Participant: 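Pasting a structure here, questions to come.
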Amino acid sequence: MDNVEATTKVIERMAAAMEENRKYLTKLDSEIGDGDHGNNMRRGFAAALERLGDTRPSSPADVLKAVAMALIGKVGGAAGPLYGTAFLRASTALSNADVGPQDAAGALEAALGGVKQRGKAEVGDKTILDALTPAVEAAKEAATADGATVAAVFRAAAEAAEKGAESTVPLTARKGRASYLGARAEGHRDPGATSTHLLLDAAARALEGAG
Ligand code: ADP
Ligand code: MG
């Protein structure tokens with residue numbers, strides 16, 4: 001499988017995960033937001049697949065750029081521009097047509113930089129960053145291990161993101177709609193941190209060949 005095909009498979013698996021988890025993400029967002037996160041993510045990734053079908057990308061960077069444009073163009077709310085920026089930065093970071101473990105970790109780090117710059121949140125604010133920040137740390141470490149693979153980098157990132165998403169439960173939100181709730185957001189898992197975990201898990205599965 002070449003790299004364009006592998007990257008496309010990752011996006012297809014992400015789109016499927018957003019479809020499968022639409023109700024779950026919407027439920028989480030209805031507890032501490034406005035209940036649209038599941039629909040936003042599903043719509044964005046459906047648009048990404050459509051765009052990929054229309055554009056025939058010629059490199060992994062092109063695939064990620066098409067996804068970024070779809071997310072920025074089709075998803076309103078906070079998450080569309082944040083994830084769109086993440087994919088755009090990841091695309092820019094991937095200069096090699098041949099993506100190795102270090103490239104993958106570098107792309108994730110660039111994505112994190114984009115979310116930080118755009119959203120101006122910090123770890124502990126109950127956002128995407130609570131999952132993505134530890135994910136990038138884990139990805140960088142996995143990329144330097146003996147026999148590192150791109151699949152192992154994403155698996156490590158996904159596991160760290162899951163713990164990170166879980167860590168948002170007791171937090172008060174300091175960014176986004178949930179911040180209007182004050183202490184009432186405590187006891188609820190952040191939808192965006194949860195979708196970050198689901199997307200990284202989907203990437204790992206696609207690369208592990210688990211479909
Ligand atoms: P909206 O809040 O506009 O309805 P979504 O429901 O799609 O948009 O996305 C909500 C998620 O966006 C939150 O759960 C949170 O994780 C994430 N989020 C909101 N603001 C920020 C921010 N400044 N930085 C990072 N993530 C954020
Ligand atoms: Mg919402």
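Note that the numbering runs from 1 along the sequence shown for the chain. Note that ligands are numbered from 1 as they come in the structure, with each ligand's atoms numbered from 1 the same way. Keep in mind that what you see is a predicted model, and the values were worked out from it rather than measured.
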Participant: Would you call V4 and P60 a side-chain contact if the rule is heavy atoms closer than 4.5 Å?
Facilitator: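 Contact flag for V4/P60 side chains = yes.
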Participant: Given 3.5 Å as the limit, does a donor-acceptor pair link the side chain of S91 with the main chain of L64, or not?
Facilitator: no
Participant: Counting from 1, what ligand 1 atoms have a heavy atom of D36 closer than 4.0 Å?
Facilitator: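 So the atoms of ligand 1 that pass are 4 (O), 5 (P), 6 (O).
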Participant: Between ligand 1 and K120, is the shortest N or O to N or O distance under 3.5 Å?
Facilitator: no
Participant: Atom 13 (C) of ligand 1: which protein heavy atom is closest, and how many Å away?
Facilitator: D190 OD1, 3.5 Å
Participant: Which of the atoms in ligand 1, numbered in the order shown and given with their element, are less than 4.0 Å from a heavy-atom of G192?
Facilitator: 13 (C), 14 (O), 16 (O)
Participant: Is ligand 1 under 4.0 Å from a heavy atom in the side chain of A78, in the backbone, in both, or in neither?
Facilitator: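 A78 to ligand 1: contacts from backbone and side chain alike.
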Participant: So is there a nitrogen or oxygen of D29 less than 3.5 Å from a nitrogen or oxygen in ligand 1?
Facilitator: yes
Participant: Say whether G119, considering both its backbone and side-chain N or O atoms, lies within less than 3.5 Å of an N or O atom on ligand 1.
Facilitator: yes
Participant: Does V123 offer a backbone N or O that forms a donor-acceptor pair with the side chain of D130 under 3.5 Å?
Facilitator: no
Participant: As an exercise, identify every atom of ligand 1 less than 4.0 angstrom from a heavy atom of N40.
Facilitator: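 Those atoms are 5 (P), 7 (O).
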Participant: Under 3.5 Å, is there a donor-acceptor pair between the side chain of D125 and the main chain of A121?
Facilitator: no
Participant: Is Q102 close to T144 at the side-chain level, that is, under 4.5 Å between some pair of heavy atoms?
Facilitator: yes
Participant: What's the verdict on salt bridge (Lys or Arg N to Asp or Glu O under 4.0 Å) for E109 and R89, showing C-alpha distance, side-chain angles and the deciding distance?
Facilitator: CA-CA 9 Å; E109 191 167 26; R89 292 290 183 87; over 6 Å; no
Participant: Just heavy atoms, cut-off under 4.0 Å: does L82 contact ligand 1 by side chain, backbone, both, or neither?
Facilitator: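 Side chain only.
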Participant: If I apply the N/O under 3.5 Å rule, does I128 come out as touching ligand 1?
Facilitator: yes
Participant: Are any side-chain N or O atoms of K9 and backbone N or O atoms of A206, one a donor and one an acceptor, separated by less than 3.5 Å?
Facilitator: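 Side chain of K9 to backbone of A206, a donor-acceptor pair under 3.5 Å: yes, one is there.
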Participant: Is the closest side-chain heavy-atom distance between T85 and V115 below 4.5 Å?
Facilitator: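 No - every pair of side-chain heavy atoms lies 4.5 Å or more apart.
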Participant: Has L129 got any heavy atom lying under 4.0 angstrom from an atom of ligand 1?
Facilitator: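 Judged by the 4.0 Å heavy-atom criterion, L129 does not count as contacting ligand 1.
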Participant: Between D201 and R205, does a salt bridge (Lys or Arg N to Asp or Glu O under 4.0 Å) hold up when you go through it step by step?
Facilitator: CA-CA 6 Å; D201 179 64; R205 277 173 205 248; 2.9 Å; yes
Participant: Would you mind running through ligand 1 and noting each atom that sits below 4.0 Å from a heavy atom of G176?
Facilitator: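 Answer, ordered by atom number: 19 (C), 20 (N).
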Participant: Identify, for atom 2 (O) of ligand 1, the protein heavy atom at the shortest distance, and state residue, atom and that distance.
Facilitator: R177 NE, 3.4 Å
Participant: Given that the side chain starts at C-beta and the backbone is N, CA, C, O, which of these parts of D34 lies under 4.0 Å from ligand 1, counting heavy atoms, or is it both or neither?
Facilitator: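 The part of D34 near ligand 1 is the side chain, not the backbone.
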Participant: So, does D29 use its side chain to make a donor-acceptor pair with the main chain of L25 at under 3.5 Å?
Facilitator: no
Participant: Just distances here: any N/O of A121 and N/O of ligand 1 closer than 3.5 Å?
Facilitator: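 No; the residue has no nitrogen or oxygen that sits under 3.5 Å from a nitrogen or oxygen of the ligand.
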Participant: For atom 5 (P) of ligand 1, find the nearest protein heavy atom and state the residue, atom name and distance (0.1 Å precision).
Facilitator: H37 ND1, 3.4 Å
Participant: Does Y83 use its side chain to pair, donor to acceptor, with the backbone of T196 at less than 3.5 Å?
Facilitator: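 Checking the backbone N and O of T196 against the side chain of Y83, a donor-acceptor pair under 3.5 Å is found.
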Participant: Within the supplied structure, the quantity of interest is the number of heavy atoms (other residues, nucleotides, ligands) at a distance under 6.0 Å from E31 CD; does it exceed 12?
Facilitator: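 It does: E31 CD has more than 12 such atoms within range.
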Participant: To check your reading of the model: name the closest protein heavy atom to atom 26 (N) of ligand 1, its residue, and the distance in Å.
Facilitator: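 So the nearest neighbour among protein heavy atoms is T127 CB, 3.2 Å.
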Participant: Measure from the side-chain N and O atoms of T168 to the backbone N and O of D190, and report whether any donor-acceptor pair falls under 3.5 Å.
Facilitator: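 It does hold such a pair.
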Participant: Listing by chain and number, which protein N, O or S atoms are under 2.8 Å from the Mg ion (ligand 2)?
Facilitator: D29 OD2, D34 OD1, D36 OD1
Participant: Are the side chain of D2 and the backbone N or O of E5 linked by a donor-acceptor pair below 3.5 Å?
Facilitator: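 Here the side-chain-to-backbone pair exists.
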